[in-house]
Amino acid sequence: MIFKMTTDKYLMEYDIKPSVQRIAIMDYLRSHKTHPTVEEIFNALSPSIPTLSKTTVYNTLKLFMEQGAVTCINIEEKNARFDGDVSPHAHFICLGCGCIYDIEMEQLDAITVENIGELTITETHVYYKGYCKKCKEDKERKTGNAIG
């Protein structure tokens, strides 16, 4: 598993020159499976890195995406979220609490299609929306109706 290597080595695997800010941002993504927004990353790291700006976070994430070290998740309309796990997997967002969960591809009966006619697929995003167990139970308790 690639997450076992140090962050500076991980970055170098993607031809990204490590810096204090880049290592901190990638460490955050690798250790927080919450699929954070730029704002969340900035707010978490700026107290320990006073010179960090939102522009630096944006530019760093853009570089990471260009090099394939992270993916951008557009599962919700208002925020782009970032995932440090670039292995094939799907995402589920809870419509109640807004948490985003990873779903391993083995859990899906997904068919991987590399080429469709003259089209070459380079990226696939699979998103599911619904309610986590807690939110489903809360909603059912409030409405008295079963969901799903």
Side-chain angles (χ1 to χ4, degrees), residues 1-139 148:
M1 182 174 168
I2 199 148
F3 277 35
K4 290 188 179 185
M5 72 173 63
T6 62
T7 300
D8 58 332
K9 286 187 173 147
Y10 180 80
L11 291 173
M12 289 188 287
E13 287 283 319
Y14 287 94
D15 294 323
I16 299 169
K17 183 178 176 185
S19 69
V20 171
Q21 290 92 347
R22 289 174 181 174
I23 290 171
I25 292 167
M26 184 55 77
D27 273 342
Y28 188 83
L29 287 170
R30 292 174 73 188
S31 63
H32 293 81
K33 306 294 183 196
T34 58
H35 308 89
T37 63
V38 168
E39 186 82 20
E40 290 167 344
I41 295 168
F42 173 76
N43 290 338
L45 297 178
S46 61
S48 60
I49 308 173
T51 58
L52 187 68
S53 68
K54 281 187 191 173
T55 301
T56 300
V57 176
Y58 277 109
N59 291 338
T60 300
L61 290 169
K62 182 177 184 232
L63 171 66
F64 288 174
M65 287 186 302
E66 288 170 353
Q67 295 301 110
V70 302
T71 57
C72 182
I73 302 169
N74 293 306
I75 195 169
E76 58 182 353
E77 294 174 22
K78 59 185 174 193
N79 290 314
R81 295 180 168 271
F82 298 89
D83 193 349
D85 180 358
V86 294
S87 68
H89 64 281
H91 293 98
F92 173 88
I93 186 168
C94 177
L95 299 173
C97 64
C99 288
I100 299 174
Y101 302 90
D102 288 339
I103 301 173
E104 298 304 318
M105 293 305 280
E106 296 82 41
Q107 293 175 287
L108 306 173
D109 290 326
I111 299 171
T112 303
V113 180
E114 293 182 17
N115 294 301
I116 300 175
E118 294 182 17
L119 306 175
T120 300
I121 298 170
T122 60
E123 192 174 316
T124 302
H125 297 272
V126 179
Y127 301 134
Y128 295 93
K129 296 181 180 187
Y131 295 92
C132 67
K133 183 178 179 180
K134 182 186 177 307
C135 290
K136 179 182 177 202
E137 290 170 354
D138 290 347
K139 192 167 180 71

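All of these numbers come straight from a predicted model, not from anything done at the bench.
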**Prompt:** CG of Asn59 to NZ of Lys54: how many Å apart, nearest 0.5 Å?
**Reply:** 14.0 Å

**Request:** Please assess Asp83 against Asp102 for the test side chain to side chain contact (heavy atoms under 4.5 Å, CB included), listing each intermediate value before the final yes or no.
**Result:** CA-CA 10 Å; Asp83 193 349; Asp102 288 339; 3.8 Å; yes

**Prompt:** Which atoms form the tightest heavy-atom contact between Leu52 and Ser46, and what is the distance?
**Reply:** CD2-N, 4.2 Å

**Request:** To the nearest 0.5 angstrom, please state how far the CE atom of Met12 sits from the OG1 atom of Thr7.
**Result:** 10.5 Å

**Prompt:** Does any N or O in the side chain of His32 come within less than 3.5 Å of the main-chain N or O of Arg30, such that one atom is a donor and the other an acceptor?
**Reply:** no

**Nearest-0.5 Å distance that lies between atom CD1 in Ile23 and atom OG1 in Thr6** = 8.0 Å

**Request:** Could you pull out the closest heavy-atom pair between Arg22 and Phe64, with the gap in Å?
**Result:** O-CZ, 3.5 Å

**Prompt:** Once the angle between the rings of His91 and His89 is folded into 0 to 90°, is it parallel (under 30°), tilted (30 to 60°) or perpendicular (over 60°)?
**Reply:** perpendicular

**Message:** Distance check, rounded to the nearest 0.5 Å: Leu63 atom CG versus Ile16 atom CD1?
**Reply:** 4.5 Å

**Request:** Quick one: which residue pairs count as a salt bridge (charged side-chain N to carboxylate O under 4.0 Å, His left out) with a foot in residues 62-73, not counting sequence neighbours?
**Result:** Lys62-Glu66

**Message:** Please identify which of these residues, Tyr127, Tyr128, Tyr131, meets the side chain to side chain contact (heavy atoms under 4.5 Å, CB included) condition with Phe92.
**Reply:** Tyr128

**Fill in**
Of all heavy-atom pairs linking Cys72 and His125, the shortest is O-CE1, 3.8 Å

**Verdict with supporting geometry, Ile41 and Leu29, side chain to side chain contact (heavy atoms under 4.5 Å, CB included)** = CA-CA 8 Å; Ile41 295 168; Leu29 287 170; 4.0 Å; yes

**Prompt:** Do Leu45 and Gln21 come within less than 4.5 Å of each other through their side chains, counting heavy atoms only?
**Reply:** no

**Point-to-point distance, once rounded to the nearest 0.5 Å, from CD of Glu76 to NZ of Lys129** = 8.5 Å

**Message:** Testing the basics here: between Ala44 and Tyr28, what is the closest heavy-atom pair and its distance to 0.1 Å?
**Reply:** CB-CE1, 3.4 Å

**Request:** State, to 0.1 Å, how close Ile93 and Gly98 come at their nearest heavy-atom pair, and which atoms those are.
**Result:** CG1-O, 3.9 Å

**Request:** Determine, step by step, whether Phe82 and Val57 satisfy the side chain to side chain contact (heavy atoms under 4.5 Å, CB included) criterion, reporting the C-alpha distance in whole Å, the side-chain angles of both residues, the deciding distance to 0.1 Å, and the verdict.
**Result:** CA-CA 11 Å; Phe82 298 89; Val57 176; over 6 Å; no

**Asked** Quick one: does Thr60's side chain have a donor or acceptor within less than 3.5 Å of a partner on Thr56's backbone?
**Response** yes

**Message:** Whether the side chain of Asn79 engages the backbone of Arg81 through a donor-acceptor N/O pair (distance < 3.5 Å, no angle test) should be reported.
**Reply:** no

**Request:** Check Cys97 against Cys135 and note the closest heavy-atom contact, atom names and distance.
**Result:** N-SG, 3.5 Å

**Item:** Nearest-0.5 Å distance, NZ of residue Lys33 to SG of residue Cys99
**Value:** 15.5 Å

